[in-house]
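Please read the structure below before turning to the comments.
The analysis underlying the following values was restricted to heavy atoms, covering all of them including side chains, and did not include hydrogens, waters or symmetry mates. Here is how names work: the chains are called A, B, and so on, in the same order as the sequence lines, proteins then strands, and each is numbered from 1.
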Protein chains: 2
Amino acid sequence: MTETQPARRRRRKEARPQELTAAALSLFVEKGFAATRLDDIAERAGVSKGTLYLYFDSKDALFKAVIQEGVVPALHAGEALLEQHDDPLELLRAILSGWWERIGSTELGGIPKLMMSEAGNFPDVAAYYQREVIQRGTALLRAAVSRGIARGVFREVDLDAICSVLIAPLVYRAMWRYSFGPRCGQEADVGPYLKTYFDLILNGLMAPVAAGDTQ
Amino acid sequence: MTETQPARRRRRKEARPQELTAAALSLFVEKGFAATRLDDIAERAGVSKGTLYLYFDSKDALFKAVIQEGVVPALHAGEALLEQHDDPLELLRAILSGWWERIGSTELGGIPKLMMSEAGNFPDVAAYYQREVIQRGTALLRAAVSRGIARGVFREVDLDAICSVLIAPLVYRAMWRYSFGPRCGQEADVGPYLKTYFDLILNGLMAPVAAGDTQ
DNA sequence: GCTAAATTACTGACCAGTCAGTTATTAACT
DNA sequence: AGTTAATAACTGACTGGTCAGTAATTTAGC
């Protein structure tokens, strides 16, 4: 009876699009775009296929919506970190562990896998993703590393290359969850992975400590 | 006229299966398994669709053949390195750069992307891949790192975790070639990436040099 | 009862898989 | 060598099922 509570099943929402894209995302990630049937998406969202077409013009349009909706709100939090941290080491840690907490470890972690699988079939969405996600994310990382080098905390490294290298193990792990992950039944032990990852990259980035340096 | 030369176009091979799996691999990687039509594979291989069924029972069987054929000969070279190098640092470099040269930078580099995309849809092939590729590859890496730790060259790290972390940037880069890579038109500049990668991980792994050590 | 939301039934294109027929290659016989 | 018979390699039109997208119909809210 209330307007906020999803009473029975029907005639209810304008939060409906989000339910549909959420259902679509999980199925696209699980089975791939082409192998996912619209009937399955509708069923998972608790509606019929026809309802999908009240909100999205086509399967392709649904794909675009899935990517855009999942991605748009994700970068702002990261970009805000630039002002919140001064120390480059803390900043880098905050960016990377923030990515894992907000994306990698959530349902959104499937988006990189999906986008990578389908980039060839959706050139325009791929262009959008590269512009709005990859480039902005890279710029963020680059700012952190660059600041660290400028202050002598990090060694001199190729900025473009290091950004890809740094994010790769996190994205790789997120993709893993949706491919081989279910096979292994091991999900709880991300801890050691992240610990080892940070241990490796931070040790790898740190400038050698000069004997008797100021701090 | 000659029997060794592929004269015109037809009626030729028992190297045919390899031509078909090669065509299938490139299309599967490019468009995904479900979105690839058997007619396209046949066309790329220069035969008709019917011919496919002379060599493979089904589209699924072709998929399995693509994975197995691409993967089987790949591990032996790596495993041979264990005896060829004694120094752990050299060994690790040889394994990782060997992976890039023999797999990552070749057509075979698409297999990880393909396998990751389709693992959910082909549980048996995924199991095979995990057993014959991932586990064997991991064991190889683990042996190298473990040797390095035992000799005090590398720091103490979680062995399982470090193997995934180490290979991730290479696999990630290989996948990139088949997804966003074509968008950027930049293929020649793998050099800086690899250089930065090795710089980071080797510095990250090295045990701190004690003052006045034997070397 | 009128409008909006949703469902159900339907259509047409697409594609994996089949098979009867065609063409190349080899073998046999003279 | 030349002719023919037998086999192997291949082709492409066809079919049956699946699924994106649409239209007709029902249900809910005012």
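- Remark: B:D158 pairs with no residue by the salt bridge (Lys or Arg N to Asp or Glu O under 4.0 Å) rule, at least two apart or across chains.
- For residues 63-75 of chain B, the side-chain hydrogen bond (donor to acceptor under 3.5 Å, both in side chains) pairs, not counting sequence neighbours, are B:T21-B:E69, B:K64-B:D124.
- Rounded to whole angstrom, the span from the CG atom of A:L62 across to the C1' atom of D:dC19 amounts to 15 Å.
- The ring pair (Phe, Tyr, Trp, His ring centres under 6.0 Å) analysis of residues 127-146 of chain A, with sequence neighbours excluded, yields the pairs A:Y129-B:F180.
- When the C1' atom of D:dT22 is taken as reference, atom CG of A:L54 falls 12 Å away, rounded to whole Å.
- Taking 4.0 angstrom as the limit, A:R16 places a side-chain polar atom (N or O) nearer than this to OP1 or OP2 of C:dA6.
- Not one side-chain nitrogen or oxygen of A:T51 sits closer than 4.0 Å to the OP1 or OP2 atom of C:dA5.
- Partners of B:R155 by side chain to side chain donor-acceptor pair (under 3.5 Å), not counting sequence neighbours, listed by chain and number: A:D199.
- The distance from atom OH of B:Y55 to atom C1' of D:dC10 is 8 Å, rounded to the nearest whole Å.
- The side chain of A:S48 contributes no N or O atom lying less than 4.0 Å from OP1 or OP2 of C:dT8.
- The distance between atom CZ of B:F56 and atom C1' of D:dA9, rounded to the nearest whole Å, is 15 Å.
- A:S164 and B:R173 form no side-chain donor-acceptor contact under 3.5 Å, judged by distance and modelled atom types alone.
- Within the structure, the ring pair (Phe, Tyr, Trp, His ring centres under 6.0 Å) test picks out the following pairs touching residues 24-47 of chain A (sequence neighbours left out): A:F28-A:F33, A:F33-A:F63, A:F33-A:F122.
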inquiry  = How would you summarise protein contacts on nucleotides 14-19 of chain C per nucleotide, using B for base, S for sugar-phosphate only and - for none, with heavy-atom distances below 4.0 Å?
reply    = -SBBB-
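- Atom-to-atom, CD of A:E43 to P of D:dA20 comes out at 14 Å; the value is rounded to the nearest Å.
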